[in-house]
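See below for the structure under consideration.
Note: hydrogens, waters and symmetry copies are ignored here, and every other heavy atom, side chains too, is used. By convention here, the first residue in the shown sequence is residue 1.
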Amino acid sequence: MAALFTLLPEAVGAIRADSKSAILGLLADRFAAVYSLDRADVLAKIEQREKLGSTGFGRGVAIPHARVPGVSRPVAALLRLEAPVAFDSVDGRPVDIVFGLLSPEHAGATHLHALAAISRLMRDEEMHAALTAAPGPEAIYGLICNVIDRDAA
């Protein structure tokens with residue numbers, strides 16, 4: 001997966017939010033701060049994608065994603081919510097894990113491959129339970145890196 005997208009340690013965090021809109025804003029903040037992107041552009045693209053249909057993946061996970069200017073390869077951010085929040089998910093469940101993905105504007109297959117890898121990772125019930133139980137962002141990042149390293153071997 002490391003070949004498919006970049007996830008920096010600073011892009012992983014635990015947040016408190018009370019709405020889908022707040023989550024998307026905090027995700028845009030994280031992408032802007034960590035990857036030196038324009039927050040307004042990131043938020044506009046994520047919200048534009050969200051209008052096509054919720055990125056609430058189901059089983060407590062959302063995978064907001066978009067193609068944005070200023071990105072040379074796919075980058076990711078992972079946020080764990082302190083309490084689940086309604087996200088218009090396909091299964092109606094609130095989300096507690098948000099795994100965002102931004103790709104270059106014209107990254108067709110590259111974007112889809114990165115999105116598929118994140119989707120496979122987030123479908124794993126044991127991984128979701130481990131991410132939810134992790135004591136903090138460092139542990140969350142470690143869990144993701146362990147899976148990336150394992151899958152690369």
Side-chain angles (χ1 to χ4, degrees), residues 1-31 34-35 37 42-43 45-68 71 73-104 107-153:
M1 260 183 284
L4 296 174
F5 61 86
T6 298
L7 176 66
L8 297 177
E10 307 83 46
V12 177
I15 63 166
R16 174 178 291 158
D18 60 3
S19 68
K20 179 179 181 176
S21 178
I23 292 168
L24 297 178
L26 291 167
L27 183 62
D29 289 343
R30 185 69 52 134
F31 275 121
V34 174
Y35 298 108
L37 299 170
V42 169
L43 184 58
K45 293 290 188 175
I46 290 172
E47 287 176 335
Q48 181 181 25
R49 167 56 189 86
E50 206 63 35
K51 287 179 184 173
L52 298 174
S54 179
T55 57
F57 177 75
R59 296 186 347 232
V61 177
I63 309 176
H65 57 279
R67 296 180 181 126
V68 298
V71 175
R73 70 177 312 248
V75 294
L78 192 151
L79 302 175
R80 182 181 67 192
L81 280 66
E82 290 182 8
V85 173
F87 204 87
D88 302 320
S89 298
V90 295
D91 63 359
R93 288 178 48 188
V95 302
D96 58 1
I97 300 288
V98 177
F99 205 137
L101 175 70
L102 299 178
S103 295
T110 303
H111 179 74
L112 295 177
H113 289 300
L115 194 56
I118 291 169
S119 174
R120 279 190 303 277
L121 178 64
M122 293 294 97
R123 248 185 266 138
D124 183 332
E125 290 293 333
E126 290 180 21
M127 174 55 74
H128 185 268
L131 292 172
T132 302
E138 297 83 12
I140 293 168
Y141 181 74
L143 286 166
I144 297 296
C145 286
N146 284 340
V147 170
I148 290 171
D149 291 346
R150 179 196 71 206
D151 291 350

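Side-chain atoms of Arg30 come within 3.5 Å of backbone N or O of Val12 as a donor-acceptor pair. With Arg49 contributing its side chain and Gly53 its backbone, the two residues share a donor-acceptor pair below 3.5 Å. Between the Ser89 side chain and the Asp91 main chain, no donor and acceptor come within less than 3.5 Å of each other. In this structure a side-chain-to-backbone donor-acceptor pair under 3.5 Å is present from Glu50 to Thr55. Side chain of Arg80 to backbone of Leu131: a donor-acceptor contact under 3.5 angstrom is found. Within the 3.5 Å criterion, the main-chain N or O of Leu102 finds no donor-acceptor partner in the side chain of Tyr35. Formation of a donor-acceptor pair under 3.5 Å by the Thr110 side chain with backbone atoms of Ser103 is not found in this model.
Of all non-hydrogen atoms in Leu143 and Ala134, the two that sit nearest each other are CD1-CB, 4.0 Å. Closest heavy-atom contact between Leu37 and Val42: CB-CG2, 3.9 Å. Closest approach of Ala22 and Ala17 over heavy atoms only: CB-CB, 4.1 Å. The two residues Leu4 and Ala117 have their closest heavy-atom pair at CD1-CB, 3.6 Å. Taking each heavy atom of Phe57 and Ser119 in turn, the nearest pair found is CE1-OG, 3.1 Å.
Rounding to the nearest 0.5 Å places OG1 of Thr132 at 8.5 Å from CD1 of Ile140. Arg16 contributes atom CZ, which lies 14.5 Å from atom CG of Leu79 (distance to the nearest 0.5 angstrom). Atoms CG and CG, from Leu26 and Leu43 in turn, are 10.0 Å apart once rounded to the nearest 0.5 Å. Rounding to the nearest 0.5 Å places CG of Leu24 at 15.5 Å from NZ of Lys45. Atom CZ of Arg59 is separated from atom CE of Met122 by 10.0 Å, given to the nearest 0.5 angstrom. In this structure, CZ on Phe99 lies 5.0 Å from CG on Leu78, to the nearest 0.5 angstrom.
By the 4.5 Å heavy-atom criterion applied to side chains, Cys145 and Pro9 are not counted as neighbours. At least one side-chain heavy atom of Leu7 sits less than 4.5 Å from a side-chain heavy atom of Tyr141. Phe87 is listed as a side-chain neighbour of Pro64, based on a closest heavy-atom distance under 4.5 Å.
For the side-chain contact (heavy atoms from CB on, under 4.5 Å) with Ile15, the lone residue among Leu27, Leu81, Val98, Asp29 that qualifies is Leu81. Exactly one of Ile118, Leu112, Leu115 qualifies for a side-chain contact (heavy atoms from CB on, under 4.5 Å) with His65. That residue is Leu115.
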- prompt: Are Phe5 and Leu101 close enough, and set up right, to give a side chain to side chain contact (heavy atoms under 4.5 Å, CB included), and what steps lead you there?
  reply: CA-CA 8 Å; Phe5 61 86; Leu101 175 70; 4.1 Å; yes

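Within a 6.0 Å sphere centred on CD of Glu126, other residues, nucleotides and ligands contribute 12 heavy atoms or fewer. Counted within 6.0 Å of NE2 on His128, heavy atoms from surrounding residues, nucleotides or ligands total more than 12; the atom is thus considered enclosed.
Checking Thr6 against Arg73 by side-chain atom types alone, a donor-acceptor pair falls below 3.5 Å.
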